[in-house]
Amino acid sequence: MFKVIAIAGHDMKSSLHSFSFYLLMCFFFGVTGYFFWANLSYFSLVSFQAATNPAARIEGLNMTEAVLSPFLSNVGALMLLLVPILSMRSFSEERRQGTLELLYTYPVSETQILLGKYFSMIGFVFVLILPTVVYFPLAQSVGAKFELDSILTGYLGLLLIGASFAALGIFVSALTPNHMVSAGIGFALILFFWIVGWVADWTSPAIGKIFHELSLIDHFRDFSFGVIDTKDIVFYVLFIVFFLFSTLCAMEIRTWKR
Amino acid sequence: MISFQHVTKTFGPVKAVVDISFEINHGEVIGFLGPNGAGKTTVMRLMTGFFPPTDGKVLIDGNDLFHANPSLRKKIGYLPENNPIYRDMVTRDYLSYVATLKGIPWSQRKLQIEAVVDQCQLESVLNRMIGKLSKGFQQRIGLAQALLGMPEILILDEPTNGLDPKQIIEMRNLIKDLGCRRTVILSTHTLSEVRKTCQRILILNHGRLIASGTEEELAKKVKHTQEIRIVLRGKMPDVKPLLERISGVSTVDHVGSVNDEKEYRIFCHDETDVRSEIARQVMAAGFELLSLQANQNNLEDIFLQFIEEKEKDSAHV
């Protein structure tokens with residue numbers, strides 16, 4: 001376990017030393033802040049109209065549905081863009097530098113290397129989304145009230161979706177020594193799993209169901225409304241396990257070239 | 001003990017190593033010699049368990065490192081070609097990171113790091129960023145990481161690559177010093193490297209092991225192991241037939257002439273010393289002997305001859 005922590009710590013430290021990481025953090029924090037403000041302002045406008053115009057008949061609209069849920073979806077979409085950029089270095093950089101060869105010859109198993117790298121990515125996702133929590137007490141200070149359960153559930157969903165992106169990103173990173181190729185393919189694959197549910201309505205019900213089940217965003221919807229469904233958790237866990245296992249297979253490629 | 005048993009490694013259609021068998025005993029300092037692309041790095045990687053052979057067996061003390069428990073890799077310290085290193089790390093942090101990965105217990109970590117720092121003379125750069133250090137220091141840090149965990153076997157792939165002459169001498173001395181206590185295997189395409197550091201030499205070419213032995217043993221295996229250069233002054237048009245008649249001389253080459261001075265290169269069998277006979281014969285024929293110099297066949301010649309002979313053999317087949 002020490003070795004896993006050492007690898008995770010090393011990967012995190014090396015990114016924390018780079019200026020681009022802080023640039024990404026600021027970008028993420030700024031854009032999510034804008035999303036939060038925009039959703040909150042919209043809700044404030046709609047609720048003002050509802051209060052002044054009884055004919056508007058806006059029923060059942062609350063903070064979770066009008067602010068939290070769209071905000072979390074927006075954060076998820078932004079992570080779609082940023083996680084591949086963070087994960088592109090994971091294996092690609094070590095392969096490019098040649099240090100992966102050394103790692104393989106140390107008394108460390110491939111699973112330990114993979115888990116170390118994956119945990120560092122989970123750490124990044126955590127570091128990325130944690131500061132956004134600050135928006136809620138800020139909003140509360142101007143009178144907006146959120147349910148704590150919904151916030152916690154939503155952030156659990158964000159963490160799961162971020163962890164899924166990271167697993168897929170690491171898998172792509174293990175396939176190529178080129179950063180940009182890794183980020184590009186990672187983004188394309190995550191985008192595929194993000195939008196695959198969109199075509200579900202136009203296809204036959206049987207195939208549509210498969211597309212719906214494969215969609216990362218469809219499983220996130222319940223979380224964003226403050227609902228924990230074990231089916232969604234199982235989906236994300238399976239998604240992560242599948243891509244981590246695929247990464248282990250990709251790490252074995254060096255032994256297949258025969 | 002390291003044992004290669006009929007090892008072949010192919011990458012797609014490329015045969016990197018073909019049916020290689022050898023054994024390396026504990027405490028030996030072995031040099032793998034071969035031109036670029038001969039398969040040296042592949043042999044090193046097979047030894048470290050980086051990848052398995054396509055055919056045959058690679059055993060380290062009876063264990064197949066690739067399939068065995070990763071903890072067995074503690075026996076090996078490896079410095080890959082081009083010294084891959086985390087350039088954005090501070091030397092001290094890097095060594096500490098490697099010590100954790102090698103599973104060195106906390107109680108011994110400080111002592112072991114201090115020992116390798118002392119051995120590789122890294123005290124002055126312990127708190128500096130690796131990427132900003134000279135190539136010589138970076139190479140020593142690479143060696144230090146290989147030495148951590150006190151491995152029984154040290155595998156160094158072209159350890160003096162890219163170093164300046166002073167750094168090469170320092171690195172050689174360090175390797176020699178390390179060889180007193182453990183098995184050291186190094187690969188190089190620089191011939192002087194193996195002569196100065198290794199007890200036994202294995203010559204690779206096109207993925208095949210074409211010769212192995214000490215420098216003296218290898219010298220005995222090749223023809224024309226002694227070369228004599230003479231410079232004569234005299235009027236006779238050609239002294240070649242006269243020199244070729246001397247017993248022990250195999251071939252004579254006329255190198256060149258300046259005015260009436262002629263230079264010849266004479267190849268002789270190693271067992272017989274023909275220098276005095278050559279001197280006697282040329283002087284009896286009326287020449288002035290201006291210089292006579294005997295060169296023992298050096299490793300460079302041996303290496304080239306082995307490679308040339310093998311290439312001729314394969315061309316005939």
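Chain naming here is simple, since letters A, B, ... match the order of the sequence lines and numbering starts at 1 in each.
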(request) Report, as yes or no, whether the 6.0 Å neighbourhood of atom CE on B:M150 holds more than 12 heavy atoms from other residues, nucleotides or ligands. (result) no
(message) A side-chain contact here means heavy atoms from C-beta on lying under 4.5 Å apart; do B:W106 and A:F2 qualify?
(response) yes
(message) Other residues, nucleotides and ligands only: do more than 12 of their heavy atoms fall within 6.0 Å of CE on A:M180?
(response) no
(request) Kindly check if the number of other-residue, nucleotide or ligand heavy atoms within 6.0 Å of CZ (B:R208) is above 12? (result) no
(request) With the side chain counted from C-beta on, respond yes when B:Q145 and A:Y106 share a heavy-atom pair under 4.5 Å apart, and no when they do not. (result) yes
(request) Say whether, by atom type as modelled, one donor and one acceptor occur between the side chain of B:R73 and the main chain of A:T105 under 3.5 angstrom. (result) no
(message) With a 4.5 angstrom heavy-atom cut-off, is it the side chain or the backbone of B:Y97 that approaches chain A, or both, or neither?
(response) side chain
(message) Which atoms of A:I5 are under 4.5 Å from chain B, going by heavy atoms: the side chain, the backbone, both sets, or neither?
(response) neither
(message) Report which part of A:E93 has an atom under 4.5 Å of a heavy atom belonging to chain B: side chain, backbone, both, or neither.
(response) neither
(request) Could you tell me which of A:E94, A:H10, A:K3, A:K13 has the largest number of non-hydrogen atom pairs under 4.5 Å with chain B? (result) A:H10
(request) Could you please state which residues from residues 85-94 of chain B sit under 4.5 angstrom from chain A, measuring non-hydrogen atom to non-hydrogen atom, sorted by number, or 'none'? (result) B:I85, B:Y86, B:D88, B:M89, B:Y94
(message) Return the CE to NE2 distance between B:M129 and A:H17, rounded to the nearest 0.5 Å.
(response) 7.0 Å
(message) Nearest 0.5 angstrom please: A:L102 CG to B:N83 CG, how far?
(response) 8.0 Å
(message) Under a 4.5 Å cutoff for heavy-atom pairs, which residue among A:S14, A:G116, A:G9 has the most contacts with chain B?
(response) A:S14
(request) State the CD-CG distance between A:Q97 and B:N82, to the nearest 0.5 angstrom. (result) 12.5 Å
(message) Which residues pass the salt bridge (Lys or Arg N to Asp or Glu O under 4.0 Å) test with A:D11, not counting sequence neighbours?
(response) A:K117
(message) Let's test your reading of the structure: which of B:V14, B:T100, B:L101, B:T48 forms the most heavy-atom pairs below 4.5 Å with chain A?
(response) B:L101
